[in-house]
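Following: one structure in structure tokens, then a few remarks.
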Amino acid sequence: MSRGDTGRAAELHMARAMELGQAVRTATSPNPWVGCVIVDRDGEVVGEGATAPPGGPHAEVAALDLAGSRARGATVYVTLEPCAHEGRTPPCTDALIRAGVAKVVAAIGDPDERVAGSGFSALSAAGITVSEGVLAQAVGEQLRPYLVHRLTGRPFVVLKLALTLDGRTAAPDGSSRWITGAEARRDVHRLRAESDAVLVGAGTVRRDDPALTVRDDGPLSRQPLRVVLGHVPKGARVLPALELGGDLGAVLDELGRRGVLQLLVEGGAQVAHDFHREGLVDRYVWYLAPALLGGDDGRPVFSGPGATTMAQAWRGRLVSVCRLGDDLRVEVEPDRVGLPAAPASGG
């Protein structure tokens with residue numbers, strides 16, 4: 001297997017495969033959102049596809065169906081290593097081999113223990129040239145929740161909070177609607193739609209009675225699983241919800257077993273503190289409004305003991321800053337060894 005295939009055309013085709021995968025981001029879990037482009041010997045795109053909801057065809061099969069006989073001798077660009085095992089659907093490697101493709105260019109390998117190089121090996125054994133690494137960093141970021149789940153058995157944890165410039169998530173009377181504007185709130189619903197589960201503490205349910213559902217004008221194949229730490233009072237809008245308690249690591253293990261690839265933690269301050277303190281957050285998403293409460297009695301981001309000196313302060317890596325109307329979305333992540341890193345960007 002070769003590394004790289006770094007020509008401009010290869011990058012353009014892989015970028016298109018990424019677009020196809022992103023378009024099905026909210027529909028494929030617990031499978032990865034993969035895109036595929038097939039290019040014939042003359043350089044013409046003859047097939048495109050993306051992973052269908054569970055039970056449906058994978059991206060490669062969808063693209064092969066469109067390409068038909070023109071797939072013979074073609075090059076296949078796919079964001080993730082094709083599977084070689086029997087699951088809800090037959091192995092994608094078998095379909096590629098039967099179609100007679102000449103080359104498969106994948107962005108990254110699949111760490112799932114049922115794949116983990118076996119897809120590349122099956123293709124190579126059939127005489128198909130295999131190349132890996134085109135736009136690997138960008139695809140690694142796009143598929144980050146899937147990769148983290150397959151590597152750790154736990155979901156990718158996103159801690160989201162909306163706050164004022166002076167670091168308050170609510171006024172002293174508890175009011176928090178609306179700290180941010182309409183564009184930021186729409187972005188929160190996008191984040192919910194991309195998540196398999198949304199988690200809050202029971203205190204937030206008792207105080208705010210949130211629905212934790214996705215409200216969106218576009219098509220939505222499912223609502224995220226709603227998870228509450230503690231007891232949910234009768235009649236709460238969040239019901240039915242999965243009620244969990246105890247050690248947060250055990251909570252993540254259970255959600256991982258349930259196929260949750262991305263978990264969105266929305267509060268409150270004690271829950272946010274506990275996830276942060278235990279080092280369980282993979283991505284911090286802060287929505288910052290140009291507003292000031294101007295006192296020390298509003299609700300803070302975290303409720304609990306923190307660093308006592310600047311030398312003890314937690315420091316992460318800035319991933320992106322994006323303007324949403326008058327608000328800012330700031331994404332930060334910890335530095336961790338052994339997991340794919342997100343490329344830094346600006347907006």
Side-chain angles (χ1 to χ4, degrees), residues 28-32 54 110-114 116 143-161 169 191-214 222-234 236-286 300-307 314 316 332-340 342:
T28 66
S29 186
N31 293 329
D110 189 340
D112 189 307
E113 61 183 11
R114 298 168 299 177
L143 294 176
R144 178 80 72 86
Y146 171 79
L147 299 176
V148 167
H149 180 270
R150 292 305 193 267
L151 288 167
T152 70
R154 291 179 171 181
F156 180 79
V157 177
V158 177
L159 176 59
K160 162 260 159 185
L161 287 169
T169 61
L191 193 56
R192 282 185 184 174
E194 291 180 351
S195 300
D196 303 293
V198 180
L199 181 148
V200 297
T204 295
V205 174
R206 290 191 294 270
R207 182 177 61 248
D208 300 333
D209 193 23
L212 301 182
T213 53
V214 178
R222 51 161 193 153
Q223 288 286 349
L225 173 68
R226 294 177 287 184
V227 182
V228 178
L229 297 181
H231 177 68
V232 179
K234 185 178 180 180
R237 290 199 301 160
V238 77
L239 292 173
L242 175 64
E243 297 174 46
L244 296 174
D247 175 75
L248 290 182
V251 169
L252 294 182
D253 289 338
E254 174 60 24
L255 294 176
R257 285 191 290 270
R258 289 173 177 258
V260 173
L261 303 185
Q262 178 165 300
L263 171 66
L264 180 61
V265 178
E266 293 208 24
Q270 184 66 56
V271 170
H273 172 269
D274 291 347
F275 270 90
H276 171 72
R277 179 192 62 197
E278 296 186 24
L280 299 175
V281 180
D282 297 297
R283 176 73 55 82
Y284 297 79
V285 180
W286 261 217
V301 173
F302 299 125
S303 179
W314 182 96
V332 176
E333 65 178 21
D335 287 322
R336 288 189 177 146
V337 176
L339 293 179

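The model shown is predicted, which means the values in this text are computed figures rather than measured ones.
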[X] [atom1] to [Y] [atom2] distance, which is reported to the nearest 0.5 Å:
{"X": "Arg258", "Y": "Leu263", "atom1": "CZ", "atom2": "CG", "answer": "12.5 Å"}
{"X": "Leu242", "Y": "Glu254", "atom1": "CG", "atom2": "CD", "answer": "7.0 Å"}
{"X": "Leu191", "Y": "Arg283", "atom1": "CG", "atom2": "CZ", "answer": "10.0 Å"}
{"X": "Ser29", "Y": "His149", "atom1": "OG", "atom2": "NE2", "answer": "8.0 Å"}
{"X": "Ser303", "Y": "Gln270", "atom1": "OG", "atom2": "CD", "answer": "5.0 Å"}
{"X": "Leu199", "Y": "Lys160", "atom1": "CG", "atom2": "NZ", "answer": "12.5 Å"}

Worksheet, complete the sentence: When Asp209, Val232, Leu212 are each screened for side-chain contact (heavy atoms from CB on, under 4.5 Å) with Arg237, the one that passes is Asp209
Looking at every non-hydrogen atom in both residues, tell me the closest pair between [X] and [Y] and how far apart they are.
{"X": "Pro54", "Y": "Asn31", "result": "CA-ND2, 3.9 Å"}
{"X": "Gly256", "Y": "Pro155", "result": "N-CD, 3.9 Å"}
{"X": "Gly267", "Y": "Thr204", "result": "C-OG1, 3.6 Å"}
{"X": "Val214", "Y": "Ala193", "result": "CG2-N, 3.6 Å"}
{"X": "Pro30", "Y": "Gly259", "result": "CB-O, 3.7 Å"}
{"X": "Pro233", "Y": "Val205", "result": "CD-CG1, 3.9 Å"}

Worksheet item: Checking side chain to side chain contact (heavy atoms under 4.5 Å, CB included) for the pair Val227/Leu255: CA distance, chi angles, key distance, verdict?
Response: CA-CA 9 Å; Val227 182; Leu255 294 176; 4.0 Å; yes
Fill in: Carboxylate-amine/guanidinium proximity below 4.0 Å for Arg226 and Glu243
no
Worksheet item: Is any NZ, NE, NH1 or NH2 atom of the basic residue among Glu113 and Arg150 found under 4.0 Å from an Asp or Glu carboxylate oxygen of the other?
Response: no
Item to complete: Kindly write out the residues that satisfy side chain to side chain contact (heavy atoms under 4.5 Å, CB included) with Ala202, not counting sequence neighbours, or none if the list is empty.
Response: Arg206, Val228
Practice prompt. Check the pair Val158, Asp282 against side chain to side chain contact (heavy atoms under 4.5 Å, CB included), reporting the backbone distance first and the verdict last.
Written response: CA-CA 6 Å; Val158 177; Asp282 297 297; over 6 Å; no
Worksheet item: Can you list the steps and then say if Gln223 with Thr213 is a side chain to side chain donor-acceptor pair (under 3.5 Å)?
Response: CA-CA 6 Å; Gln223 288 286 349; Thr213 53; 4.9 Å; no
Worksheet item: Is there a side chain to side chain contact (heavy atoms under 4.5 Å, CB included) between Leu225 and Asp196 once you walk through the steps?
Response: CA-CA 6 Å; Leu225 173 68; Asp196 303 293; over 6 Å; no
Worksheet item: Can you check side chain to side chain contact (heavy atoms under 4.5 Å, CB included) on Val148 and Arg154, steps first, answer last?
Response: CA-CA 7 Å; Val148 167; Arg154 291 179 171 181; 5.9 Å; no
Discussion item. His276: which residues meet the ring-ring contact (aromatic ring centres under 6.0 Å, His included) condition with it, sequence neighbours left out?
Written reply: Tyr284, Phe302, Trp314
Item to complete: Could you tell me whether the side chains of Asp110 and Tyr146 share a donor-acceptor contact shorter than 3.5 Å?
Response: yes
Discussion item. Given 3.5 Å as the limit, does a donor-acceptor pair link the side chain of Asp112 with the main chain of Arg114, or not?
Written reply: yes
Worksheet item: Can you tell me if Ser195 uses its side chain to pair, donor with acceptor, with the backbone of Ala197 under 3.5 Å?
Response: no
Discussion item. Side chains of Trp286 and Leu159, heavy atoms from C-beta outward: is any pair under 4.5 Å?
Written reply: yes
Worksheet entry | Contact check, side chains of Leu252 and Leu280, non-hydrogen atoms, under 4.5 Å | yes
